2 protein chains.
Amino acid sequence: MDNNTIFIEKLRSSGLRPTKQRIKICKLLFNRKKTFHFTISDIFKILKKQTYEKISLATIYNTVHSFKEKGYLKEISVDREKSYFDTNTSNHHHFLDVNTNELIDLKNEDVHNIKIKKRIPGKKINSIEVLVKIENSN
Amino acid sequence: MDNNTIFIEKLRSSGLRPTKQRIKICKLLFNRKKTFHFTISDIFKILKKQTYEKISLATIYNTVHSFKEKGYLKEISVDREKSYFDTNTSNHHHFLDVNTNELIDLKNEDVHNIKIKKRIPGKKINSIEVLVKIENSN
DNA sequence: CTAATAATTTATAATGATTCTAAAGTAGTG
DNA sequence: CACTACTTTAGAATCATTATAAATTATTAG
């Protein structure tokens with residue numbers, strides 16, 4: 001069973017028609033060993049180089065957003081200018097390298113003992129996200 | 001010594017000329033008991049109501065950015081659509097109420113024991129920011 | 001296989017937030 | 001008071017994202 005078949009099934013099982021654009025974007029995002037952190041414009045640039053038949057920017061937006069809705073991707077907001085998406089949708093934290101603007105995953109076990117002592121009446125905790133900014137150490 | 005005098009000195013001591021626009025924005029931001037979390041458009045709307053002589057949007061952007069540069073304000077990025085500024089410039093964390101989009105300060109002592117076990121060679125930690133998303137608990 | 005339909009893609013226009021520009025106004029200095 | 005540098009301003013420009021509406025494609029029923 002090749003990749004295409006896997007992605008076609010993945011798409012179909014979540015109610016998305018397996019179009020060639022979606023399959024191409026699936027391959028780009030999910031045929032990776034490591035977690036992939038990207039912006040929409042990263043995807044646009046990569047596809048522009050790779051492909052003879054280009055995928056329109058609108059389709060990239062549509063696809064990334066439907067992948068997010070379907071839970072294939074997680075959106076991470078580290079600064080106003082850049083919206084990152086993450087292929088690792090599990091609950092985890094991040095390093096942000098302020099020199100390179102690169103995001104790096106932190107496993108949950110790499111951050112321990114987060115206890116929030118304060119509570120807001122009538123509210124419950126939904127998620128806890130830690131962003132560790134790092135920079136060159138010299 | 002009235003407020004104006006205090007703000008005039010504050011501005012002058014950090015190399016900003018105390019113009020009436022800057023003083024007005026200082027009053028709006030810093031004449032408060034509690035920390036103030038706001039967006040640029042919040043400021044614009046408030047000033048629009050308050051003032052006979054209106055302050056242009058460009059000036060609000062300029063002023064907020066120079067206040068940030070001078071260390072009067074801290075910028076907080078919780079989602080792509082909204083960029084918040086915070087009058088509390090100390091190192092601290094936040095609740096984000098996902099129902100109301102409101103940011104709430106968490107004192108440093110309300111979050112304890114953040115230990116990051118992973119290190120990236122050649123990099124040092126610059127800051128650790130925790131964002132706790134909360135929602136209605138019923 | 002074909003026709004009907006519903007979903008998808010696309011180019012382009014529209015939007016909204018922010019930044020830029022260049023002219024007019026203001027504060028600080030001598 | 002006069003000069004210079006800084007600041008404000010309206011409006012234009014830019015950038016990312018979203019909306020639109022027509023053309024295309026996938027799915028379904030026959």
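Convention: sequence-line order gives letters A, B, ...; per-chain numbering from 1. What you see is a predicted model, and the numbers here were worked out from it, not measured in a lab.
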Among residues 19-27 of chain B, which residues get a heavy atom nearer than 4.0 Å to DNA chain D? Thr19(B), Gln21(B), Arg22(B)
How long is the span from the CG atom in Leu16(B) to the CD atom in Glu69(B), to the nearest 0.5 Å? 9.0 Å
Within 45° of the six-membered ring axis of Tyr72(A) and under 6.0 Å from that ring's centre, is NZ or CZ of Lys10(A) located there? yes
Minimum side-chain heavy-atom gap Ile23(B)-Ile25(B) below 4.5 Å: no
What protein N or O atoms touch nucleotides 28-30 of chain C N or O atoms at under 3.5 angstrom, if any, and at what distances?
from, atom 1, to, atom 2, distance (Å)
dG28(C), OP1, Arg12(B), NH1, 2.5

Those residues of residues 35-49 of chain A lying under 4.0 Å from DNA chain D by at least one heavy atom: none
Between P of dA27(C) and CZ of Phe7(B), the distance in whole Å: 18 Å
Going by heavy atoms closer than 4.0 Å, what residues in residues 55-65 of chain A are next to DNA chain C? Ile55(A), Ser56(A), Ala58(A), Thr59(A), Asn62(A)
Five-pair end axes of the helix from dC1(C)-dG30(D) to dG30(C)-dC1(D) and the angle they enclose, rounded to 10°: 30°
Students should find this one: the first and last nucleotides of DNA chain D, 5' to 3', lying under 4.0 Å from a heavy atom of chain B. What are they? dA5(D) to dT18(D)
Non-hydrogen side-chain atoms of Arg119(A) and Ile134(B) separated by less than 4.5 Å: no
Check this for me, if you would: do Glu135(B) and Lys123(A) make a salt bridge, where the nitrogen-to-carboxylate-oxygen distance has to be below 4.0 angstrom? no
What I want to find out is whether Lys133(A) reaches Glu129(B) closely enough, with some N-O distance under 4.0 Å, to be called a salt bridge. yes
